[in-house]
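Here's the structure we're looking at; comments come further down.
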There are 2 protein chains.
Amino acid sequence: MAQNTAREPAPDASLSRGDETRGQLLDAGLTLFSRYGYDSVTTRQLASEAGANIAAIAYHFGGKRDLYRAVLHRLVEDTEPLVGPVAQRMAEGIAAAGADKAALARVVAGFVHGFTSIFLEGDFMAHRAPMVMREYANPSQDFDILYEGRLGPIHRSVTALAAAALGMDPDSPEAKIRAHAVMGNLVVFEVAKQLLMRRTGWEAYTPDRIALVRRMITEAVLNSLRLPHPDNGDRQ
Amino acid sequence: MAQNTAREPAPDASLSRGDETRGQLLDAGLTLFSRYGYDSVTTRQLASEAGANIAAIAYHFGGKRDLYRAVLHRLVEDTEPLVGPVAQRMAEGIAAAGADKAALARVVAGFVHGFTSIFLEGDFMAHRAPMVMREYANPSQDFDILYEGRLGPIHRSVTALAAAALGMDPDSPEAKIRAHAVMGNLVVFEVAKQLLMRRTGWEAYTPDRIALVRRMITEAVLNSLRLPHPDNGDRQ
DNA sequence: CCGTTTAATTCAATCGTTTGATTGAATTAA
DNA sequence: TTAATTCAATCAAACGATTGAATTAAACGG
């Protein structure tokens, strides 16, 4: 029931009729699955939200489950432009820093900044983050799609960072556990967002609040990894 | 389909017929809702798992949603014996420590030990933790039950601890955010358990692995809160 | 530039199942 | 005898999926 009566948004001429419906179904899937979970969403809701017919789901994807999988695949793909550069800079920063703790601290600050920007700022991750978190906390049979595509690679990057900061072997359980703890430091602000909102009396993240959260997380992670605090917030 | 053919477990004579069915439905609800979520579980599954008739759900609770709420309420109640003492010792420890950082460090070590024991050891929280985490990550209309009963109080306790360690006002956003980060440090080992399992090649938490995770978390949290490391693992 | 053909896509209608809930009779224990 | 509880049977509604006809837009031949 999205834009059936209102004006249709940008009927991209470069897309065929079918591709557009396909894309709208993927959008609807992301919006609804992320909010209510797989079983709570009906094919009729999906079709309605997409402005398409129920039969379009079977026609374009095969079935409801196949649409869900397609949503996960597209999520991995279209978050690459955001996550890729952050991971890239982190890898380069670690290699360049060597044993220089101050340099590693700047890498950490950059990572936290990038990560919180992706997850807490803007609308792009508004549905994608909850989608990831849902599979994160409660892996379905399609958990592999996100693990291979997003979660595993990020976790490996953070493990490299933790290992460098603490002088550990990146392949050791210890390094992986410490990295896991760092990830927890970050993702809890998305996973348990409602809990923080209630405790602080906030209703949503604003730029000011994100800046405060980012400052607190950066301090916590730097402390956690025994790294010095950079004098300024500069990350280059 | 649980114990219909096998021997029935302990038909407690002190319980009326109805109370026993009621309890078995609550058990079934905890087991199934925690694993599959509210919508994925059918009333027929619940009745079968409880060894009861479908109509028993309406008779004893009113409906499926009321059974779900009852499961949350009972979860808050029957975790009190575990969480209560940990929170109690933490509150007393903070009050007794004052500005003594070493004493606060022992409080932190005790808290981490207690928290990880509750969440990672034994069978008692095997279904309860995922149940909490499900509401944690994806609050339903009944989130209040857990927030008022468990999540809020624990978060307040940890905020008091973080505030004491960092010299902050316990009512400040900063303290609440730092506490939230600490909570993330801990709960990520339950929420994102599957991710850690894949990264480490583990299949489950064993006593050895729990001990290792506990050591890593304790170090990370102590560092994070700028507290000294106790010389031994003693927590009294 | 037109009319026709063709394949891709959309659509309303309907399929058989499963859902949560309800009924009134049967059973149990006090 | 009585009230509490369980039971098989059944309800209407909603579910995911499928069908064959209708519609659309592009390709083609004149």
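These numbers were taken from a predicted model, which means no experiment stands behind them. Chain letters run A, B, ... following the sequence lines, proteins first and then strands; every chain starts at 1.
If you find the closest nucleotide of DNA chain D to G63(A) and to I54(B), the one lying nearer the 5' end belongs to I54(B).
In this view, S172(A) and M168(A), D169(A), E174(A), A175(A) satisfy the side-chain contact (heavy atoms from CB on, under 4.5 Å) rule, not counting sequence neighbours. Remark: L32(A) engages Y36(A), V41(A), Q45(A), L46(A), E49(A) in a side-chain contact (heavy atoms from CB on, under 4.5 Å) (not counting sequence neighbours). Residues meeting the salt bridge (charged side-chain N to carboxylate O under 4.0 Å, His left out) test with R74(A), sequence neighbours left out: D27(A). The side-chain contact (heavy atoms from CB on, under 4.5 Å) check on A70(A) picks up L26(A), F61(A), with sequence neighbours excluded. Under the side-chain contact (heavy atoms from CB on, under 4.5 Å) criterion, V86(B) pairs with R89(B), F111(B), I118(B), sequence neighbours left out. Taking the ring-ring contact (aromatic ring centres under 6.0 Å, His included) definition, one finds that Y68(A) meets it with F33(A), Y38(A), sequence neighbours left out.
Among residues at least two apart or in separate chains, salt bridge (charged side-chain N to carboxylate O under 4.0 Å, His left out) pairs with a member in residues 112-133 of chain B are D78(B)-R128(B), E121(B)-R214(B). Counting only residues at least two apart or in different chains, ring-ring contact (aromatic ring centres under 6.0 Å, His included) contacts with residues 189-213 of chain B comprise H180(A)-F189(B). Among pairs with a residue in residues 142-151 of chain A, those fulfilling side-chain hydrogen bond (donor to acceptor under 3.5 Å, both in side chains) read R65(A)-D142(A), R69(A)-D142(A), T79(A)-R150(A), E80(A)-R150(A), D144(A)-R198(B), at least two apart in sequence or across chains.
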Tabulate protein N/O versus nucleotide N/O from nucleotides 24-30 of chain C, keeping only pairs under 3.5 Å, one per line.
none

Whenever both distances are under 3.5 Å in a Watson-Crick or G-U wobble pair, mark it; put DNA chain C into dot-bracket that way, with [ ] for crossing pairs and | when the partner is on another strand. ||||||||||||||||||||||||||||||

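At dA8(D), one or more side-chain N or O atoms of N53(B) fall inside 4.0 Å of OP1 or OP2 (strictly under the cut-off). At the phosphate of dA8(C), neither OP1 nor OP2 sits under 4.0 Å from any side-chain N or O atom of H60(A).
The nearest whole Å value for the distance from the CG atom in L46(B) to the P atom in dT18(C) is 17 Å. If you measure from atom CG of L32(B) to atom C1' of dG20(C), you get 16 Å, rounded to the nearest angstrom. Across the protein-nucleic acid pair, R44(A) atom CZ and dC11(C) atom C1' stand 14 Å apart, rounded to whole Å. Atom pair F61(B):CZ and dT22(C):P shows a separation of 16 Å (rounding to whole Å applied). If you measure from atom CD1 of I57(A) to atom P of dC11(C), you get 13 Å, rounded to the nearest angstrom. One interatomic measurement links the two molecules: CG of L67(B) to C1' of dA21(C), which rounds to 14 Å at whole-angstrom precision. We find that CD of E20(A) is positioned 11 Å from P of dA25(D), with the value rounded to whole Å. Regarding Y68(B), its OH atom lies at a distance of 19 Å from the C1' atom of dT19(C), rounded to whole Å.
Comparing dA21(C), dA8(D), dT5(D) by their nearest atom to the side chain of Y59(B) picks out dT5(D).
When atom types are taken as modelled, the side chain of S224(A) and the backbone of A220(A) share no donor-acceptor pair closer than 3.5 angstrom. With hydrogens and angles ignored, the 3.5 Å screen pairs no side-chain donor or acceptor of S48(A) with any backbone N or O of R44(A). The closest donor-acceptor contact from the side chain of R199(A) to the backbone of K176(B) lies at 3.5 Å or more, if one exists at all.
Non-hydrogen atoms lying under 4.0 Å from DNA chain D are contributed by V41(A), T42(A), T43(A), all within residues 34-43 of chain A.
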